[in-house]
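Here's the structure we're looking at; comments come further down.
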There are 2 protein chains.
Amino acid sequence: MPYLSAIHKSVLFRKIPREDLPSLLEKLDSQLKHYAKDQVIHPAGRKVRRAGVLLEGEAVLFEEDFWERSSELDRLKAGRILLASDAAAHANALYTVRAAKPCVILWFDVREILTLDAGREGNTELLRSFMQELAVQNRELYARILDLDRSSTKEKLLSYLSKEAHRQNRNEFDIPYDRRELAEYLSVERSAMSAELSRLVKEGYLTTRRNHFRLLKKS
Amino acid sequence: MPYLSAIHKSVLFRKIPREDLPSLLEKLDSQLKHYAKDQVIHPAGRKVRRAGVLLEGEAVLFEEDFWERSSELDRLKAGRILLASDAAAHANALYTVRAAKPCVILWFDVREILTLDAGREGNTELLRSFMQELAVQNRELYARILDLDRSSTKEKLLSYLSKEAHRQNRNEFDIPYDRRELAEYLSVERSAMSAELSRLVKEGYLTTRRNHFRLLKKS
DNA sequence: AACCGGTTGTTGTTTTTCCAACACGTGTAA
DNA sequence: TTACACGTGTTGGAAAAACAACAACCGGTT
């Protein structure tokens with residue numbers, strides 16, 4: 001069985017005992033496919049029938065709008081899941097997936113996860129991982145919406161930092177982004193954000209150096 | 001069994017035969033709780049152990065940031081699911097849930113869904129509904145992020161309208177929002193958005209009247 | 001037809017953001 | 001040590017969005 005170790009590294013299958021994998025994969029009606037660089041893996045708008053694990057390579061997600069202007073949405077590296085929610089919802093893909101490098105993908109039928117014999121240990125584990133994956137992603141997306149759904153850069157920053165403090169459960173913490181990446185996450189312009197951060201420091205909301213922040217209660 | 005018909009109306013349980021509900025609910029370790037108006041149903045930051053179905057009443061979601069400024073995020077009516085992804089992810093709530101009106105909530109253990117005897121017909125159905133719910137919400141959140149993650153009102157509008165055309169599979173369609181609601185969804189100011197729409201019409205991107213739109217290929 | 005409330009479009013002003021250019025500090029390698 | 005790349009902060013002018021106020025329009029009611 002090729003790629004077994006890559007499969008075992010993905011979030012979905014890492015909790016399954018390695019020796020249970022082959023029979024599980026068979027029950028899932030899974031299938032390995034290879035894609036050449038730049039090949040379309042799944043076109044936007046087409047019904048998604050199966051989810052995939054990107055075992056090797058790199059994929060880009062992008063959309064093309066009604067006026068034929070395209071924009072890149074995300075890049076996925078090996079180990080990530082493709083089209084999971086779309087497959088689970090039996091819906092049409094919101095975006096096109098294309099191979100940025102030669103890709104190897106393990107496709108599997110999401111509905112099969114549900115009908116597997118629950119008695120077998122590994123099967124429940126797979127289901128648990130899949131649901132966990134959906135749920136975690138759900139929360140990440142919602143958290144980002146809470147940050148983006150603000151009228152000004154200042155509010156976006158305070159929302160993000162506040163949530164980070166809450167998450168790490170202290171008022172002094174590191175963030176996983178540098179300024180450029182933070183600006184991208186908040187969908188604002190880098191230098192304007194930098195200026196806004198300086199203003200926040202002046203106004204006594206916080207202190208910061210590089211990716212380290214300390215939030216201050218205003219007296 | 002009280003509230004049986006309300007339970008049967010929620011997205012999660014509507015596909016379960018009514019007569020199977022009582023025993024299913026028992027296996028789920030489910031529990032009815034009543035909340036007075038303004039009572040906190042679940043505080044932000046606390047670990048979520050169970051998901052709930054709002055059977056009666058109305059709940060508000062809101063967050064309070066580090067500087068103690070609070071903002072309302074959403075309002076849920078009867079039939080909606082509470083804290084589903086948070087419970088499935090065994091994570092801390094991102095927001096506080098409060099009763100806007102007296103509420104009745106059916107709490108249940110998400111993990112129990114997984115370990116139910118899959119042989120029983122209704123159990124798989126519940127799991128399917130739950131997963132479907134997570135997946136659909138996932139897609140909605142992602143679609144909104146794609147709209148919000150644009151630098152200008154113009155791009156937000158084009159992104160939203162384009163996606164709607166794609167979804168309805170035609171270039172002429174109605175949207176489910178009036179101007180005020182659309183502005184809120186895109187997180188921009190209503191009158192500025194109206195002005196931008198006029199500009200788009202002048203530039204030949206589309207025509208619109210009220211909530212009806214027709215997108216035009218530019219010649 | 002006249003009225004009314006609610007929705008939508010317009011206009012002028014103020015505020016915020018974008019953008020481009022550059023300055024400064026830090027860490028790395030020659 | 002100097003040179004250089006890179007991340008970050010700053011600044012001034014251009015563009016966009018917010019804001020407030022009002023006008024036009026629409027659908028429903030009397």
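Chain letters run A, B, ... following the sequence lines, proteins first and then strands; every chain starts at 1.
Counting atom types as modelled, B:R190 pairs a side-chain N or O with a base atom of C:dG9 as donor and acceptor under 3.5 Å. Side chain B:S191 to base D:dA20: a donor-acceptor pair is found below 3.5 Å.
Atoms CD (A:E184) and C1' (C:dC18) sit 16 Å apart, rounded to a whole Å. If you measure from atom CD of B:E189 to atom P of C:dG9, you get 13 Å, rounded to the nearest angstrom. Here C:dC19 presents its P atom at 15 Å from CE of A:M193, a figure rounded to the nearest Å. With rounding to whole Å, B:D178 atom CG is found 4 Å from C:dT8 atom P. As rounded to whole Å, 17 Å separates atom C1' of D:dC19 from atom CZ of B:R180. Taking atom CD on A:E196 and atom C1' on D:dT10, their separation rounds to 14 Å, with Å as the unit. Atoms CG (A:L200) and P (D:dT10) sit 12 Å apart, rounded to a whole Å. Here C:dT17 presents its P atom at 21 Å from NZ of B:K154, a figure rounded to the nearest Å.
The residue among A:R179 and A:S151 whose nearest nucleotide of DNA chain D lies closer to the 5′ end is A:R179. Between B:S194 and A:A192, it is B:S194 whose nearest contact on DNA chain C lies nearer the 5' terminus.
Across all strands, A:R210 comes closer than 4.0 Å only to sugar-phosphate atoms, never to a base (heavy-atom distances). Among the protein residues, A:T153 comes within range of the sugar-phosphate backbone only, with heavy atoms under 4.0 Å from sugar or phosphate atoms but none that close to a base. Within 4.0 Å of B:S152, counting heavy atoms only, lie sugar-phosphate atoms of the nucleic acid but no base atom. Residue contacts for B:R209: at a heavy-atom cut-off of 4.0 Å it reaches the sugar-phosphate backbone alone, with no base atom in range.
Under the 3.5 Å distance criterion, with hydrogens and angles disregarded, a donor-acceptor pair is assigned to the side chains of B:E189 and B:S191. Side-chain contact check for B:R46 and B:T96: no donor-acceptor pair (N or O, by modelled atom type) lies under 3.5 Å. Side-chain atoms of B:H212 and B:E172 form a donor-acceptor pair, as typed in the model, at a separation below 3.5 Å. Remark: the B:E196 side chain and the B:S198 side chain contain no N/O donor-acceptor pair separated by less than 3.5 Å.
A cation-pi contact, defined as under 6.0 Å to the ring centre and within 45° of the axis, links A:R144 to A:Y185.
Proximity note for B:S198 (side chain, C-beta onward) versus C:dC18, D:dT8, C:dT10: the nearest is C:dT10.
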